[in-house]
Amino acid sequence: MDGGDYSVAGGVEDVYGEDAASMDQPVTPWTVSVASGYSLMRDPRHNKGLAFTEKERDAHYLRGLLPPVVITQELQEKKLMHNLRQYQVPLQRYMALMDLQERNERLFYKLLVDNVEELLPVVYTPTVGEACQKYGSIFRRPQGLYVSLKEKGKILEVLKNWPQRSVQVIVVTDGERILGLGDLGCQGMGIPVGKLSLYTALGGVRPSACLPITIDVGTNNEKLLNDEFYIGLRQRRATGQEYAELLHEFMSAVKQNYGEKVLIQFEDFANHNAFELLARYSSSHLVFNDDIQGTASVVLAGLLAALRLLGGTLADHRFLFLGAGEAGTGIAELIALEMSKQTGNPIEENRKKIWLVDSRGLIVDSRKESLQHFKKPWAHEHEPVKELVDAVKAIKPTVLIGTSGVGKQFTKEVVEAMAALNEKPLIMALSNPTSRAECTAEEAYTWSEGRAIFASGSPFDPFEYDGKVFVPGQANNAYIFPGFGLGVIISGAIRVHDDMLLAASEALALQVTEEHYEKELIYPPFSDIRKISANIAAKVAAKAYELGLASHLPQPKDLVKYAESCMYSPKYRTYR
């Protein structure tokens, strides 16, 4: 595509011309000849329900199959939002939205794009966590692909069973560490499905280019193994060589079937496997771990934005983490990388400004022998400290970050200690879902007497303290991964480089305006997410071109405009 033509309405490598046609150009929804429109109404990609026009009803054999009224997509949206708001239980909203996705794909995405702040907590954290816990009971129609130990030796055949050929993003989980909820086995499928709906709604990646996959190697969750409605393998988790061989076959089959440029996002794997898979495949595949890299990128963006409120540079601050797993060490490493970029100091020196506390207390030098490999770089010289509040008093951090997966760890004493040390303590309680947050927004603001700058992983409502309304920030990965994925796709990147993650963080931080800072916000509102994603995509793509990792040549002149032109639009198409 030449650098200056942005007239198309979305879709990179759009084989069927469905999204690459300009919006007013009619498309043919049929790839086979038909005698009745009955099957057209049952195809979620093309169904419009009562919005089929008179002309379309004649041309596509729909007469009599629909009531006589013709309504707009906007009216359908109004009706559905009204219906969704009647549900008191979030899980019912989730099920209604999943039904809509199965029935009318464009209307589902129109709802999500236009009502992102209201519906994001339903299709994503916190509601998606409950959906995964109950996935077997609420299971209606399968979504995505299930690859289990039964398919060993046949994974390529399984991939070929998926009807879409030009897949650009795969989100895959093995269900071992779903949010902060633990091992949910095969029922973890709710996560890849939810993430990919956000790739489309927030990042504009075509739905047909997205493939959710769950790898089922068993579960160690006794409750599920004894649940008559459980949908996965009834066996303990495979580990070691058996696990590694299945994953290797899967990664090879993906590359063989979809080529070099399919983005594989690892999601909610347990710590030991997450680090190992990323290390093993990052040099041979286009891989991204959202829990390690996506979380790190979104938190770094919040920190870069917060510097405008806190003052100083990143290197002037001291960081204390509660939790030293994928998220904690991933964020810490990206902060140290960004410090190196800003100061030119070696990364080892920067790591000394970042301290981590795990379940055994402060990670210090004397514990080095017994530490897992990913914790070792964070073992600094200090006497052992068992309790978090004592670590706060000893280390004197300006920033406290929770990635422990355990709720209520930032106690009144901890927050008060942070407030005693800092005029504006920055407190990030990132564990999901809401029940696992280290503290609530209300607690952070009340215990710091309204001085804390607060952000969390799951959303909290605005809170009034001492006559002032505080709007908590949400350090939600959904700010980063959709735009990051779009940037990777539009540049045709063949590998993910850490500098691309830094570019995404910097792009997000730049989207926070003066108006937001006045309200002490360190993240922009989600209502602007498509614009934000286009800007992140442009910066990520520019970095891929700069690093020589991009394969879509020549580079478009205006990457933001090009990113916007590649974004899927959920508006109905006209059928000829």
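Heavy-atom basis, side chains included; hydrogens, waters and symmetry copies ignored. As the structure is a computational prediction, the values presented were derived from the model and not from experiment.
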Check the pair E326, R177 against salt bridge (Lys or Arg N to Asp or Glu O under 4.0 Å), reporting the backbone distance first and the verdict last. CA-CA 11 Å; E326 293 168 60; R177 193 204 55 83; 3.3 Å; yes

In terms of side-chain heavy atoms, does [X] have a donor or acceptor partner in [Y] at a distance below 3.5 Å?
| X | Y | value |
| --- | --- | --- |
| K195 | Y124 | yes |
| Y572 | Q76 | yes |
| T127 | E130 | no |
| S505 | S297 | yes |

Using modelled atom types and a 3.5 Å cut-off, is there a donor and acceptor pairing between side-chain atoms of [X] and backbone atoms of [Y]?
| X | Y | answer |
| --- | --- | --- |
| T125 | P433 | no |
| R530 | S527 | no |
| N535 | K531 | yes |
| T200 | V205 | yes |
| H497 | D499 | yes |
| N477 | D290 | yes |
| E151 | S148 | yes |
| Y230 | C186 | yes |
| D291 | D268 | yes |
| S565 | Y562 | yes |

Do [X] and [Y] make a side-chain contact, defined as non-hydrogen atoms from C-beta onward lying under 4.5 Å apart?
| X | Y | value |
| --- | --- | --- |
| L84 | L119 | yes |
| L66 | M41 | yes |
| Q511 | H516 | no |
| T440 | F463 | no |

Salt bridge check, [Y] against [X]: does any charged N sit closer than 4.0 Å to a carboxylate O?
| X | Y | answer |
| --- | --- | --- |
| D99 | R103 | no |
| K48 | E56 | yes |
| E157 | K160 | no |
| E54 | R63 | yes |
| E514 | R308 | yes |

Could you label the plane-to-plane angle of the H60 and Y575 rings as parallel, tilted or perpendicular, counting under 30° as parallel and over 60° as perpendicular?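 Perpendicular, since the angle between the ring planes exceeds 60°.
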
Ring pair (Phe, Tyr, Trp, His ring centres under 6.0 Å) between Y523 and Y479, intermediate numbers included: CA-CA 9 Å; Y523 291 101; Y479 276 117; 5.4 Å; yes

Using the side-chain contact (heavy atoms from CB on, under 4.5 Å) rule, pick out the option among V488, V169, V254 that qualifies with L286.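 Output: one option passes, namely V488.
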
Counting only heavy atoms not in [X], do more than 12 fall under 6.0 Å of its [atom1]?
| X | atom1 | result |
| --- | --- | --- |
| N161 | CG | yes |
| K539 | NZ | no |
| Q86 | CD | yes |

With a distance cut-off below 6.0 Å to the six-membered ring centre and an angular limit of 45° from the axis, does K255 pair with Y281 as a cation-pi contact?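 Because its charged atom misses either the 6.0 Å distance or the 45° angle limit, K255 does not stack over Y281.
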
